[in-house]
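Please read the structure below before turning to the comments.
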Amino acid sequence: MTQSLALEFADRNVRVNSICPGNLLDSPLWVDSLFKQYAANQGITEAQVRQKYIDQVPMKRACQYRDVTNLLVFLASDESSYMTGQAINVTGGQEMR
């Protein structure tokens, strides 16, 4: 979809890019729901679930909101004026595994 929209609007100087964040382990989705569900399902503690997901990341840390917003600011700036049609992973390298 990102590339289709980028192609559609490129001649009007409209850039379309997407951000693909990693696991935001401090987000309400994880804290209020997923940790509990996965812990119960796997028979481990919530802390062990968190560590399991961190261990899957080559940079050995969870994605933070700041990691995503830094990219958002860059994409909204003129510094990225020649970028369009890109789906950018912010995953600490997790997609390489």
Side-chain angles (χ1 to χ4, degrees):
M1 179 176 263
T2 300
Q3 290 182 345
S4 293
L5 289 170
L7 281 171
E8 181 72 26
F9 294 108
D11 63 345
R12 290 175 237 169
N13 204 30
V14 174
R15 297 176 286 135
V16 179
N17 296 292
S18 60
I19 298 173
C20 307
N23 293 320
L24 288 160
L25 298 179
D26 295 326
S27 71
L29 175 65
W30 280 94
V31 173
D32 298 339
S33 178
L34 293 180
F35 283 132
K36 291 172 183 62
Q37 289 178 40
Y38 292 166
N41 187 19
Q42 298 174 32
I44 58 178
T45 67
E46 292 181 34
Q48 288 171 314
V49 172
R50 181 182 179 83
Q51 191 60 51
K52 183 177 175 178
Y53 279 89
I54 290 172
D55 289 344
Q56 294 174 9
V57 179
M59 294 184 83
K60 298 297 182 207
R61 69 176 180 85
C63 184
Q64 301 293 311
Y65 287 108
R66 177 56 86 197
D67 298 319
V68 176
T69 58
N70 284 340
L71 177 57
L72 179 67
V73 169
F74 169 71
L75 290 174
S77 76
D78 288 337
E79 299 298 317
S80 67
S81 65
Y82 200 59
M83 289 180 66
T84 194
Q86 301 304 303
I88 305 166
N89 294 309
V90 183
T91 64
Q94 187 174 3
E95 76 285 350
M96 295 186 295
R97 291 197 166 201

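Excluded from the calculations below are hydrogen atoms, water molecules and symmetry mates; all remaining heavy atoms, backbone and side chain alike, are included.
Environment of NZ in K36: crowded, with over 12 heavy atoms of neighbouring residues, nucleotides or ligands closer than 6.0 Å. Atom CE of M83 has more than 12 neighbouring heavy atoms from other residues, nucleotides or ligands inside a 6.0 Å radius. Counting non-hydrogen atoms of other residues, nucleotides and ligands closer than 6.0 Å to CD of E95 gives a total above 12. By the 6.0 Å contact criterion, CG on N13 is open, its count of non-hydrogen atoms from other residues, nucleotides or ligands being 12 or less.
Cluster annotation: F9 and M1 are assigned to the same hydrophobic cluster (Ile/Leu/Val/Met/Phe/Trp/Tyr, side-chain heavy-atom contacts under 4.5 Å, transitive). Two different hydrophobic clusters hold L7 and V14 under the rule that ILVMFWY side chains link at heavy-atom gaps under 4.5 Å.
Ring geometry for Y53 versus Y38: interplanar angle under 30°, hence parallel rather than tilted (30 to 60°).
With rounding to the nearest 0.5 Å, the separation of CD in Q56 from CD in Q51 is 10.5 Å. Atom-to-atom distance recorded for N17:CG and L75:CG is 5.0 Å, nearest 0.5 angstrom. Interatomic distance, F74 CZ to T69 OG1, rounded to the nearest 0.5 Å: 14.0 Å. Here the CG-OH distance, from L24 to Y65, works out to 5.5 Å after rounding to the nearest 0.5 Å. The NZ atom of K52 sits 11.5 Å away from atom OG1 of T45, with the distance rounded to the nearest 0.5 Å. In this structure, CD1 on I54 lies 13.0 Å from CE on M59, to the nearest 0.5 angstrom.
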| request: Check the pair R61 / D67 against side-chain contact (heavy atoms from CB on, under 4.5 Å), numbers first and verdict last. | output: CA-CA 11 Å; R61 69 176 180 85; D67 298 319; 2.9 Å; yes
| query | Do C63 and N23 pass the side-chain contact (heavy atoms from CB on, under 4.5 Å) test, and can you show the C-alpha distance, the side-chain angles, and the key distance before you say yes or no? | reply | CA-CA 6 Å; C63 184; N23 293 320; 5.7 Å; no
| message | The test is side-chain contact (heavy atoms from CB on, under 4.5 Å); show your working for R50 and D26 and say whether it passes. | response | CA-CA 10 Å; R50 181 182 179 83; D26 295 326; 3.2 Å; yes
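Counting all heavy atoms, side chain and backbone alike, V90 lies closest to V68 at CG1-N, 4.4 Å. Residues S77 and R15 approach most closely at O-NH2, 3.6 Å, considering heavy atoms. Across every non-hydrogen atom of V57 and T91, the tightest pair is CG1-O, 3.5 Å.
For S18, the side-chain contact (heavy atoms from CB on, under 4.5 Å) criterion is met by T2, C20, A87, not counting sequence neighbours. With sequence neighbours excluded, the residues satisfying salt bridge (charged side-chain N to carboxylate O under 4.0 Å, His left out) with R12 are E8.
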